[in-house]
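Below is one structure, written out as structure tokens; the observations come after it.
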Amino acid sequence: MSVNKVILIGNVGKEPEVRYYDNGGAVANFSLATTERGYTAANGTQIPDRTEWHNIVLWRGLAEIAEKYIHKGSKIYIEGKIRTRSYEDQQGIKRYVTEVWGDNLELLDRKPENAQGNKTPFPEPPATKQNKSVQTPQTNTSSPATNTALEDENDDLPF
């Protein structure tokens with residue numbers, strides 16, 4: 001038995017590049033940055049932040065969702081598998097590319113605020129034919145006092 005599963009939470013590094021094919025299929029490519037926070041070791045040594053860049057590939061309905069809702073700087077959760085491919089460059093040298101092919105996607109950005117300072121709901125993403133999940137933040141229908149209390153709790157989170 002073997003397992004090929006990747007879970008990443010990070011920030012999108014560039015606008016997704018989306019291509020459509022004659023058969024109606026779509027593919028989106030973009031980079032995602034994940035950062036491990038630096039720290040000070042017990043002996044006083046400073047360990048700096050370490051950022052890794054990942055090449056993300058989304059297909060069909062997820063690619064269309066990426067085109068509409070994901071932008072440079074967006075915080076996302078992505079679940080998928082690692083794929084490695086190779087090609088020959090113009091000089092004939094064999095090159096390898098490692099990518100994460102996304103199966104599940106969640107948008108983690110806070111809801112945008114309208115001119116009155118109220119949270120506006122994200123539009124519902126289109127239904128996809130794939131058996132893939134896309135999650136968008138849910139609209140909270142509780143009273144304004146409760147909303148303020150929940151937002152204050154979230155402000156104390158370290159991320």
Side-chain angles (χ1 to χ4, degrees), residues 1-43 45-112 119-140 153-159:
M1 182 173 134
S2 62
V3 176
N4 181 356
K5 183 166 184 138
V6 177
I7 297 174
L8 299 171
I9 296 176
N11 294 91
V12 175
K14 65 177 184 171
E15 291 293 318
E17 295 175 12
V18 181
R19 293 185 310 275
Y20 288 89
Y21 296 100
D22 293 338
N23 65 3
V27 63
N29 295 284
F30 59 92
S31 60
L32 184 74
T34 57
T35 302
E36 292 179 50
R37 294 287 171 217
Y39 60 93
T40 303
N43 65 4
T45 304
Q46 292 283 346
I47 308 299
D49 288 355
R50 179 183 172 100
T51 300
E52 294 287 336
W53 287 93
H54 312 276
N55 297 314
I56 307 297
V57 179
L58 301 176
W59 295 92
R60 296 176 287 286
L62 290 179
E64 293 171 8
I65 289 167
E67 182 176 41
K68 292 178 184 174
Y69 302 109
I70 296 177
H71 303 285
K72 181 178 180 179
S74 295
K75 183 175 269 314
I76 65 168
Y77 166 96
I78 189 106
E79 199 174 302
K81 57 185 139 299
I82 294 176
R83 294 279 177 104
T84 303
R85 61 183 171 86
S86 63
Y87 66 94
E88 283 192 18
D89 67 10
Q90 293 175 345
Q91 290 78 30
I93 299 171
K94 192 170 192 174
R95 303 285 182 177
Y96 293 90
V97 178
T98 301
E99 301 166 323
V100 174
W101 283 28
D103 293 324
N104 294 306
L105 167 69
E106 289 187 36
L107 307 172
L108 301 178
D109 287 327
R110 288 184 155 205
K111 294 180 184 178
K119 302 277 186 207
T120 57
F122 282 110
E124 286 298 316
T128 63
K129 293 180 183 175
Q130 306 175 70
N131 186 15
K132 310 294 181 196
S133 69
V134 174
Q135 308 267 327
T136 57
Q138 300 297 314
T139 303
N140 189 343
E153 283 180 9
N154 291 339
D155 288 343
D156 294 337
L157 296 175
F159 49 87

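- The shortest side-chain heavy-atom distance between Val57 and Val27 falls under the 4.5 Å cut-off.
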ask   = For Ile65 and Ile70, what are the C-alpha separation, side-chain angles and deciding distance, and is it a side chain to side chain contact (heavy atoms under 4.5 Å, CB included)?
value = CA-CA 7 Å; Ile65 289 167; Ile70 296 177; 5.7 Å; no
Donor-acceptor pairs under 3.5 angstrom involving side-chain atoms of residues 14-25: please list them, not counting sequence neighbours.
unit_1 : atom_1 : unit_2 : atom_2 : d
Lys14  : NZ     : Glu17  : OE2    : 3.3
Glu15  : OE1    : His71  : ND1    : 3.2
Glu15  : OE2    : Lys72  : N      : 2.9
Tyr20  : OH     : Glu67  : OE1    : 2.5
Asn23  : OD1    : Gly25  : N      : 2.9

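- Side chains of Ile9 and Leu108 form a contact here, defined as non-hydrogen atoms less than 4.5 Å apart.
- Residue pairs that meet the ring pair (Phe, Tyr, Trp, His ring centres under 6.0 Å) test with at least one member in residues 83-110, sequence neighbours left out, are Trp59-Trp101.
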request  = Could you please spell out the steps behind the side chain to side chain contact (heavy atoms under 4.5 Å, CB included) verdict for Ile76 and Asn11?
outcome  = CA-CA 6 Å; Ile76 65 168; Asn11 294 91; over 6 Å; no
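- The nearest pair of heavy atoms linking Thr45 to Asn43 is OG1-OD1, 2.7 Å.
- At a cut-off of 3.5 Å, with distance as the only test, a side-chain donor of Asn104 or Glu79 sits close to an acceptor on the other residue.
- Judged as a salt bridge (charged side-chain N to carboxylate O under 4.0 Å, His left out), and not counting sequence neighbours, Lys94 has no contacts.
- Within 6.0 Å of CD in Gln90 there are 12 or fewer heavy atoms belonging to other residues, nucleotides or ligands.
- Taking a cutoff of 4.0 Å between a charged side-chain nitrogen and a carboxylate oxygen, Glu88 and Arg95 do not qualify as a salt bridge.
- For Gln46, the side chain to side chain contact (heavy atoms under 4.5 Å, CB included) test picks out Thr40, with sequence neighbours left out.
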Acceptor/donor pairs from residues 29-36 side chains to any protein atom, 3.5 angstrom cut, sequence neighbours excluded:
unit_1 : atom_1 : unit_2 : atom_2 : d
Thr34  : OG1    : His54  : NE2    : 2.8
Thr35  : OG1    : Thr51  : OG1    : 3.0

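- A salt bridge is absent between Lys75 and Asp109: the closest approach of a Lys/Arg side-chain nitrogen to an acidic carboxylate oxygen does not fall below 4.0 angstrom.
- Here Asn4 pairs with Lys81, Ile82 under the side chain to side chain contact (heavy atoms under 4.5 Å, CB included) rule; sequence neighbours left out.
- By the 4.5 Å heavy-atom criterion applied to side chains, Ile78 and Leu58 are counted as neighbours.
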